[in-house]
Amino acid sequence: MDREEYLARVDVLLEMLIGIYFRLTKLLTLLPVPIELPRINDETDPFDVVHALVRVRTLILDLPLDDKVRSLLHMTLTEWPAVLDLCALCTMEDEQEEYRIDAIWLMIQRLGTLTEMLAPELGLNLDL
């Protein structure tokens with residue numbers, strides 16, 4: 001696979017990751033103490049998003065949450081920035097490592113599952 005195709009695959013994965021982020025932003029507004037995350041658009045600094053997720057990861061420790069919800073949120077808030085880091089690494093490295101693409105895809109699938117598990121716990125119906 002050439003560099004262009006590799007980066008195109010990374011872009012598709014980034015779009016999927018952003019979709020998970022939008023779902024996560026909705027879920028966080030449903031917490032007992034609603035939390036808002038920065039919106040993602042063309043001007044958004046990815047570091048602002050990562051820093052916000054890290055702060056929220058700490059905040060949820062003090063919220064009145066069911067252990068299951070806290071655990072699912074903690075996993076999601078830990079893994080999302082890690083996936084973004086791995087995507088960034090793919091764009092910086094000259095080598096096209098197929099295992100990184102595969103790992104990112106698997107992590108995004110897991111993030112999707114985590115948010116699907118969180119949704120009914122927080123009263124969000126994903127069956128649209």
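Residues that satisfy the ring-ring contact (aromatic ring centres under 6.0 Å, His included) test with Y6, not counting sequence neighbours, are absent from this structure. Partners of P32 under the side chain to side chain contact (heavy atoms under 4.5 Å, CB included) rule, at least two apart in sequence or in another chain, are P64, L65. Partners of E97 according to the salt bridge (charged side-chain N to carboxylate O under 4.0 Å, His left out) rule, which considers only residues two or more places apart in sequence or in another chain, do not exist here.
Here the CG-OG1 distance, from L111 to T113, works out to 9.0 Å after rounding to the nearest 0.5 Å. Note: T44 OG1 to N41 CG = 3.5 Å, rounded to the nearest 0.5 Å. In this structure, CG on L114 lies 8.5 Å from OG on S71, to the nearest 0.5 angstrom. Atom CG in L73 sits 4.5 Å away from atom CG in L118 (nearest 0.5 Å). Taking CD1 of I104 as the reference point, atom OH of Y99 lies at 10.0 Å (rounded to 0.5 Å). Rounded to the nearest 0.5 angstrom, T58 OG1 and L53 CG are separated by 11.0 Å.
Listed by first then second residue, pairs satisfying salt bridge (Lys or Arg N to Asp or Glu O under 4.0 Å) with a partner in residues 47-56 number zero, not counting sequence neighbours. Listed by first and then second residue, the salt bridge (Lys or Arg N to Asp or Glu O under 4.0 Å) pairs involving residues 68-91 are K68-E121, E79-R110 (not counting sequence neighbours). Sorted by first and then second residue, the salt bridge (Lys or Arg N to Asp or Glu O under 4.0 Å) pairs with a member in residues 3-17 read R9-E98; sequence neighbours excluded.
The side-chain heavy atoms of Y21 and P38, taken from C-beta on, include a pair separated by under 4.5 Å. Considering only heavy atoms from C-beta on, L37 stays 4.5 Å or farther from V49 through its side chain.
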- Task: Just do the side chain to side chain contact (heavy atoms under 4.5 Å, CB included) check on T25 and E36 with the steps written out, would you?
- Result: CA-CA 7 Å; T25 60; E36 289 191 29; over 6 Å; no
- Step by step, work out the side chain to side chain contact (heavy atoms under 4.5 Å, CB included) result for L77 and L24. CA-CA 9 Å; L77 294 165; L24 181 57; 3.8 Å; yes
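Heavy atoms only, all atoms of each residue included: W80 and I20 are closest at CD1-CG2, 3.9 Å. The shortest heavy-atom contact between C90 and R100 is SG-CB, 3.7 Å. Considering every non-hydrogen atom in both F22 and I40, the closest pair reads CZ-O, 4.2 Å. Across all non-hydrogen atoms, the minimal contact from I35 to V56 is CG2-CG2, 3.6 Å.
The residue from L72, L28, T115, V69 that alone fulfils the side chain to side chain contact (heavy atoms under 4.5 Å, CB included) condition with L122 is V69.
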